[in-house]
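Here the structure is laid out as structure tokens; the discussion comes afterwards.
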Amino acid sequence: MRKAAAAAVAAAAAVGVALLVRRQLREAKRWGRADAVLRELEERCAAPRARLRQVADAMAVEMHAGLASEGGSKLKMIISYVDALPSGEEKGVFYALDLGGTNFRVLRVQLGGKEGRVIKQEHDEISIPPHLMTGGSNELFDFIASSLAKFVASEGEDFHLAEGRQRELGFTFSFPVKQTSIASGTLINWTKGFSIDETVGEDVVTELTKALERQGLDMKVTALINDTIGTLAGGRYDDNDVIAAVILGTGTNAAYVERANAIPKWHDLLPKSGDMVINMEWGNFRSSHLPLTEFDQALDAESLNPGEQVYEKLISGMYLGEIVRRVLLKMAEEASLFGDEVPPKLKIPFIIRTPYMSMMHCDRSPDLRTVGAKLKDILGVQSTSLKTRRLVVDVCDIVAKRAACLAAAGIHGILKKLGRDVPNTDKQRTVIAVDGGLYEHYTIFAECVESTLRDMLGEEVSSTIVIKLAKDGSGIGAALLAAAHSQYREAEEL
Ligand code: BGC
């Protein structure tokens, strides 16, 4: 009897051990699979220095091609009609409207010339209801115009609009626009999740002016600019050595000061001397040297603008979190990263927004508490092992650092085009104004942009290059350019 019981116990123990071993084997296989996905991601995203140099070279080559002829490159190299950056002499009350992401901003500035500088400024930030981003054009422009009308109505006595003057506005419209003058231009295509068919090919200023009229608002748009141009103008107002601006936010783009005689597509229509600010629209850059993965390809194919903005889709805030989501989904499906069930929310596109990714990536707590909390909030995953949380951080690290390295390579390309990537004897300073939430808030990303650029340029050249956060410079920049192109300017200069 005792023997039989002992045998039964032994058999049960053996079954237990076998089950345990099986579970351990399954676990090991699961982790092995998750690790394999991670390793492959790492390999495909790798951006060693040699590759970054190729990207920088390709950027410089494409810049030349885009300047040479219309449609000569994926880089549009748009002539902005801004041939002079702010001098500091600008005076008066000006408005700015900044539309380009999920929020738009309205701004009122009182400029006081060389002495007074920015005497006073006020602004309001309004988020755009998502349905307006893909609806009809009148709805979007009416919403903007009505918010601007409310803001204008709040103008206090302390803003001194000169007697009998019409209010003037600098409109920062951060999408690819083919400029036809400083205050007119037609939309080439939407980016960053906006998609309103009837606006493409229309004059953006006319659309806005009609909407302002519908709101009974008497205001003249005197400058239509891209956010990169605004940032460059605002940056130059503060620092004379600013020669380029880069936006690293929801979208990405760059602008810089070019010599007018280096723009063959400028034709014979306009003066060839002096400077001209170029809106590169670098988000649309592509090159065989870009490290693309299956996740990027799928994201692009399923996006509102397949085949377009390939560089932007690797770098900017709109997409980084989404790339991470796609990788985690594969790990969940193939390696049960979050348990036997794939969390249903993980299947929802864009559910992991880049600010969340940044919070998880920057979690310094030993048990990665923030990562756990965010996974719970965003995906509804109740509990995760430390190993899972570490893997999530690793994925964020690979995706963010690839983006930062590629952005640095792009900046290097601009410096190359301008001949500022080599030592100069007089130690001339070169300043690049950078704006955008991604750069401002995602510390690991921003540090990686800077360290990669330093590494690419070497110590001597790096000591002359400054990357400067120009927070919201584009709003002030738009107001400054509205002032520079004011309808009353010539009368005042007489
Ligand atoms: C747009 C650019 C803009 C950039 C940053 C891109 O999607 O095409 O015009 O400057 O985003 O806002």
Side-chain angles (χ1 to χ4, degrees), residues 80 82 85-86 88 90 92-112 116-128 144 147-148 150-152 154-155 159 168-175 192 221-256 277 279 283 316-318 354-355 358 407 431-443 445-446 449-450 466-484:
S80 68
V82 172
L85 286 167
E90 297 77 9
V93 175
F94 293 91
Y95 278 81
L97 175 65
D98 198 335
L99 171 69
T102 41
N103 293 337
F104 76 91
R105 281 162 40 95
V106 284
L107 199 91
R108 173 167 47 227
V109 187
Q110 171 108 39
L111 300 167
R117 310 287 293 176
V118 176
I119 298 175
K120 194 171 160 59
Q121 60 168 305
E122 285 174 354
H123 77 269
D124 218 350
E125 186 149 347
I126 301 123
S127 65
I128 303 175
I144 295 166
S147 310
L148 183 60
K150 276 189 212 127
F151 183 65
V152 169
S154 71
E155 185 181 282
F159 276 91
E168 293 179 311
L169 175 82
F171 182 21
T172 307
F173 184 69
S174 305
F175 300 95
K192 297 177 282 197
V221 181
T222 62
L224 169 67
I225 57 165
N226 186 261
D227 50 355
T228 50
I229 312 284
T231 303
L232 182 54
R236 175 65 72 86
Y237 187 65
D238 285 339
D239 184 333
N240 242 332
D241 293 329
V242 171
I243 51 121
V246 174
I247 303 287
L248 293 164
T250 309
T252 184
N253 191 9
Y256 73 104
V277 176
N279 165 15
S316 79
M318 166 130 188
T354 305
S358 158
V431 184
I432 294 156
V434 182
D435 197 6
L438 183 66
Y439 184 80
E440 189 190 346
H441 302 298
Y442 200 153
T443 337
F445 173 88
V449 172
E450 284 162 34
V466 182
I467 304 242
K468 199 169 175 178
L469 178 69
K471 195 170 145 37
D472 301 332
S474 115
I476 293 279
L480 287 163
L481 291 170

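Here the structure is a predicted model, which is why all the values come from computation and not from measurement. When reading the values below, keep in mind they use all heavy atoms of this one structure, side chains included, and skip hydrogens, waters and symmetry mates. When a residue number appears, it is its place in the shown sequence, counting from 1.
- Distance CG/D241 to NZ/K468: 8.5 Å, rounded to 0.5 Å.
- Residues satisfying the ring-ring contact (aromatic ring centres under 6.0 Å, His included) criterion with Y442, sequence neighbours excluded, are H361.
- The structure places CG of L97 at 10.5 Å from CZ of F151, a figure rounded to the nearest 0.5 Å.
- Across G101 and I128, no two heavy atoms sit closer than the pair O-CD1, 3.5 Å.
- With sequence neighbours left out, the ring-ring contact (aromatic ring centres under 6.0 Å, His included) criterion links Y256 to no other residue.
- Considering every non-hydrogen atom in both F159 and Q110, the closest pair reads CA-OE1, 3.5 Å.
- Panel note: side chain R117, backbone Y237; a donor-acceptor pair is recorded below 3.5 Å.
- Closest approach of S174 and G100 over heavy atoms only: CB-CA, 3.7 Å.
- What you find for A233 and P86 is that their closest heavy atoms are O-CG, 3.5 Å.
- With contacts defined as side-chain heavy-atom distances shorter than 4.5 Å, the pair L148/L169 qualifies.
- In this structure, I476 CD1 and H123 NE2 are separated by 10.5 Å, a value rounded to the nearest 0.5 Å.
- Residue V434 comes nearest to L248 through the heavy atom pair CG1-CD1, 4.1 Å, listed as atom of the first residue, atom of the second, then distance.
- Here K150 pairs with nothing under the side-chain contact (heavy atoms from CB on, under 4.5 Å) rule; sequence neighbours left out.
- Annotation: side chain of V106 is not in contact with side chain of Y95 (no heavy-atom distance under 4.5 Å).
- Among V242, D239, V431, the one residue that satisfies the side chain to side chain contact (heavy atoms under 4.5 Å, CB included) test with V466 is V431.
- One N or O on the side chain of S316 and one on the backbone of T250 form a donor-acceptor pair closer than 3.5 Å.
- The side-chain contact (heavy atoms from CB on, under 4.5 Å) test applied to A482 returns F94, T222, not counting sequence neighbours.
- Looking at heavy atoms from C-beta onward, V118 lies in side-chain contact with L111 at the 4.5 angstrom threshold.
- Of the candidates D227, L232, N226, N226 is the only one forming a side chain to side chain contact (heavy atoms under 4.5 Å, CB included) with I229.
- A side-chain donor-acceptor contact under 3.5 Å links D98 and S474.
- Judged as a ring-ring contact (aromatic ring centres under 6.0 Å, His included), and not counting sequence neighbours, the contacts of F173 are F171, F175, W190.
- Using a 4.5 Å cut-off on side-chain heavy atoms (C-beta onward), V109 and L480 make no contact.
- Taken from CG in L85 to CG in N240, the straight-line distance is 9.5 Å, to the nearest 0.5 Å.
- Residues R108 and S154 approach most closely at NH2-OG, 3.2 Å, considering heavy atoms.
- For E125, the side-chain contact (heavy atoms from CB on, under 4.5 Å) partners are N103, R105, not counting sequence neighbours.
- Of the possible polar contacts, none joining the D435 side chain to the I247 backbone as a donor-acceptor pair under 3.5 Å is found.
- Atom OG1 in T172 sits 9.5 Å away from atom CG in L99 (nearest 0.5 Å).
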